[in-house]
Number of protein chains: 2
Amino acid sequence: MSTREQIVDAANRLFYEQGFERTSFASIAEAVGISRGNFYYHFKTKDAILDAVIQARLESTRQMLRAWSEGSAGPLDRVRRFIEIVITNQGDIENYGCPVGTLTNELAKLDHPSRTHAVGVFDVFRTWLREQFEELGRAADADDLALHVLTFSQGVATLSNAFHDRAYAQREVDRLNSWLTQQLATS
Amino acid sequence: MSTREQIVDAANRLFYEQGFERTSFASIAEAVGISRGNFYYHFKTKDAILDAVIQARLESTRQMLRAWSEGSAGPLDRVRRFIEIVITNQGDIENYGCPVGTLTNELAKLDHPSRTHAVGVFDVFRTWLREQFEELGRAADADDLALHVLTFSQGVATLSNAFHDRAYAQREVDRLNSWLTQQLATS
DNA sequence: GCGAGAATAGGACGAATGTCCTACGATTTT
DNA sequence: AAAATCGTAGGACATTCGTCCTATTCTCGC
């Protein structure tokens with residue numbers, strides 16, 4: 001892995017675990033094991049490394065969802081797999097929240113120009129979910145359903161982070177899965 | 001209003017709008033119109049002002065909910081009023097997110113000792129909602145229902161902050177209100 | 001083997017941070 | 001009126017921040 005990739009990886013993790021504002025050039029360089037001067041050679045400003053991290057998240061998210069879409073599962077199972085993320089990543093979510101929601105909110109508070117860039121990750125999930133619902137014959141309200149699933153995931157992530165209550169998260173997953181079954185049965 | 005109250009007020013607003021980490025002693029003092037030396041006289045450390053802000057939020061939240069409970073509306077209308085908060089405060093939420101969820105998450109990322117203190121505001125809402133559902137005859141799953149309403153509000157707040165889509169927020173409010181009606185009809 | 005450019009190291013810079021100290025004016029107490 | 005406490009001001013402090021510069025090492029085409 002190239003130095004630049006290592007930097008983006010370390011920054012990605014630190015931005016998630018500590019927040020963008022809190023994470024310094026020095027701490028990223030230390031995590032990678034390089035000097036600040038070397039860091040500066042690859043990224044001139046903190047905003048540049050932020051944009052690189054967002055770009056990496058966009059690409060890894062697209063890749064993950066593409067792999068899901070190319071698997072053998074149908075669209076319903078794909079949506080359920082997305083819903084299950086709050087369980088799959090429960091440990092990180094309890095400690096740091098959702099990587100997408102927490103970054104976009106931090107950038108909103110900072111009034112940072114890259115906020116819209118970060119929201120793009122939400123758009124990737126939203127579009128992918130919408131496509132699944134379209135495949136399920138819900139073209140008319142596919143976007144509405146997609147946003148509802150996203151709403152669920154953000155709410156569960158925030159409260160899991162606050163309460164560290166795994167039984168709660170599982171109940172909410174079960175509830176949304178029931179809702180999903182009911183939605184697709186009565187349509 | 002005393003200087004101390006003015007400081008807590010200004011810090012409360014700045015922590016919400018800019019985040020705790022980003023907000024400096026100097027910016028709070030400037031917002032109040034006092035010197036840093038005077039600020040230090042009232043609060044020795046940044047953690048002290050944070051705890052004072054959390055305490056103020058706890059008290060104002062308790063006071064608001066007490067006023068709601070003492071009003072003429074029944075428990076169902078009270079819950080609907082809570083649900084409506086994401087519309088009532090839509091402007092601030094679009095700009096800064098939910099004050100409770102965003103602060104608790106920031107403190108989680110900072111691994112800050114006052115995190116549990118901040119989570120207390122969630123507990124106040126949770127307890128109040130649980131009491132409403134108990135009054136509605138749902139003692140068995142009152143806490144589960146309360147957490148579901150909180151999940152909704154956090155999810156809508158996060159996505160409203162990301163997308164600035166008022167029609168979406170209204171659709172989610174309508175959806176949860178329908179869910180609420182159905183819940184209480186079939187019980 | 002050499003020279004050019006890429007990569008890395010390490011430190012310097014001003015600005016901002018949280019914290020702390022001392023001094024002055026206001027207010028209250030004796 | 002004198003004295004003591006409270007409130008406020010303004011600056012000093014070490015540290016850390018993002019940024020930038022220069023010098024050295026590495027790599028690779030010629």
Side-chain angles (χ1 to χ4, degrees), chain A residues 1-56 102-103 106-115 117-118, chain B residues 1-56 102-103 106-115 117-118:
Chain A
M1 190 161 50
S2 72
T3 301
R4 188 194 150 93
E5 287 172 322
Q6 284 182 282
I7 291 174
V8 174
D9 257 39
N12 189 1
R13 192 179 65 255
L14 288 172
F15 287 173
Y16 176 40
E17 295 180 358
Q18 307 185 347
F20 170 69
E21 183 80 7
R22 172 65 169 266
T23 303
S24 64
F25 268 43
S27 64
I28 301 173
E30 188 189 14
V32 179
I34 61 174
S35 65
R36 279 141 284 154
N38 190 8
F39 189 106
Y40 179 74
Y41 173 78
H42 292 281
F43 295 98
K44 301 280 183 206
T45 68
K46 205 179 174 186
D47 292 354
I49 172 68
L50 172 63
D51 280 332
V53 165
I54 294 174
Q55 197 60 35
T102 57
L103 179 63
E106 183 178 1
L107 297 183
K109 286 184 193 257
L110 298 179
D111 202 18
H112 196 286
S114 293
R115 189 193 73 88
H117 195 194
Chain B
M1 189 161 52
S2 72
T3 301
R4 189 194 151 93
E5 287 172 320
Q6 284 183 283
I7 291 174
V8 174
D9 257 38
N12 190 0
R13 193 179 65 254
L14 287 172
F15 287 174
Y16 176 40
E17 296 180 358
Q18 308 185 347
F20 170 69
E21 182 81 5
R22 171 66 170 266
T23 302
S24 65
F25 269 42
S27 64
I28 301 173
E30 188 188 13
V32 180
I34 61 174
S35 65
R36 276 147 291 150
N38 190 7
F39 188 105
Y40 178 73
Y41 173 78
H42 291 281
F43 295 98
K44 301 280 184 207
T45 68
K46 205 179 175 185
D47 292 354
I49 171 69
L50 172 63
D51 279 332
V53 165
I54 294 173
Q55 198 60 35
T102 58
L103 180 63
E106 182 178 2
L107 297 182
K109 287 185 193 257
L110 298 179
D111 201 18
H112 196 286
S114 293
R115 188 193 73 87
H117 194 193

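Lettering of chains follows the sequences in order, A, B, ..., and the numbering in each one begins at 1.
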Rounded to the nearest angstrom, tell me the gap between atom [atom1] in [X] and atom [atom2] in [N].
X      : N       : atom1 : atom2 : value
I49(A) : dC17(D) : CD1   : C1'   : 16 Å
N38(A) : dT19(D) : CG    : C1'   : 15 Å
F39(B) : dG7(D)  : CZ    : P     : 16 Å
I7(B)  : dA9(D)  : CD1   : P     : 10 Å
F43(A) : dT19(D) : CZ    : C1'   : 16 Å
Q18(A) : dC17(D) : CD    : P     : 10 Å

Query raised in the report: Taking only residues two or more places apart in sequence, or in another chain, which ones meet E5(A) in a side-chain hydrogen bond (donor to acceptor under 3.5 Å, both in side chains)?
Result: S2(A)
Report task. Could you list the residues that satisfy side-chain hydrogen bond (donor to acceptor under 3.5 Å, both in side chains) with T3(B), not counting sequence neighbours? Result -> none
Query raised in the report: 5' to 3' on DNA chain C, which nucleotides open and close the contacts with chain A (atom under 4.0 Å from a heavy atom)?
Result: dA6(C) to dG10(C)
Query raised in the report: Can you say whether the rings of H112(B) and F20(B) are parallel (under 30°), tilted (30 to 60°) or perpendicular (over 60°)?
Result: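 Because their plane-to-plane angle is over 60°, the rings of H112(B) and F20(B) count as perpendicular.
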Query raised in the report: Is there a donor-acceptor contact under 3.5 Å from the side chain of S35(B) to the main chain of N38(B)?
Result: yes
Report task. Could you tell me which residues satisfy ring pair (Phe, Tyr, Trp, His ring centres under 6.0 Å) with H42(A), sequence neighbours excluded, listed by chain and number? Result ->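 Listed in chain order: nothing, the list is empty.
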Query - Partner residues of F43(B) under the ring pair (Phe, Tyr, Trp, His ring centres under 6.0 Å) criterion, sequence neighbours left out - result: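 With sequence neighbours excluded, F43(B) shows a ring pair (Phe, Tyr, Trp, His ring centres under 6.0 Å) to no residue whatsoever.
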Do [X] and [Y] come within less than 4.5 Å of each other through their side chains, counting heavy atoms only?
X       : Y       : answer
I7(A)   : I34(A)  : yes
L50(B)  : L107(B) : yes
E106(A) : E106(B) : no

Report task. Establish, with yes or no, whether the OP1 or OP2 oxygen of dG7(D) is under 4.0 angstrom from a side-chain nitrogen or oxygen of Y41(B). Result -> yes
Query raised in the report: Do any side-chain nitrogens or oxygens of H42(B) fall under 4.0 Å of OP1 or OP2 in dC6(D)?
Result: no
**Report entry** For R36(B), all residues meeting salt bridge (charged side-chain N to carboxylate O under 4.0 Å, His left out), sequence neighbours excluded
**Finding:** none
Query raised in the report: Residues two or more places apart in sequence or in another chain: which of them pass salt bridge (charged side-chain N to carboxylate O under 4.0 Å, His left out) with R115(A)?
Result: none
Query raised in the report: Just how large is the angle between the end axes of the helix from dG1(C)-dC30(D) to dT30(C)-dA1(D), five pairs per end, to 10 degrees?
Result: 10°
Query raised in the report: Among residues 23-33 of chain B, which residues get a heavy atom nearer than 4.0 Å to DNA chain C?
Result: T23(B), S24(B), F25(B)
Query raised in the report: What residue pairs, at least two apart or across chains, pass side-chain hydrogen bond (donor to acceptor under 3.5 Å, both in side chains) with a residue in residues 9-22 of chain B?
Result: N12(B)-R57(B)
Query raised in the report: A52(A) and R4(A): which non-hydrogen atoms are nearest, and at how many Å?
Result: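 Heavy atoms only, the tightest pair is CB-NH2, 4.1 Å.
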Report task. Mind jotting down which residue pairs meet the salt bridge (Lys or Arg N to Asp or Glu O under 4.0 Å) criterion with at least one end in residues 41-52 of chain B? Sequence neighbours excluded, please. Result -> none
Query raised in the report: In the 5'-to-3' direction, what one-character label does each nucleotide of nucleotides 20-28 of chain D receive under the scheme B = base within less than 4.0 Å of a protein heavy atom, S = sugar-phosphate only, - = no such atom?
Result: B--------
Query raised in the report: Toward the 5' end of DNA chain D, which comes first, I34(B) or K46(A), by nearest nucleotide?
Result: I34(B)
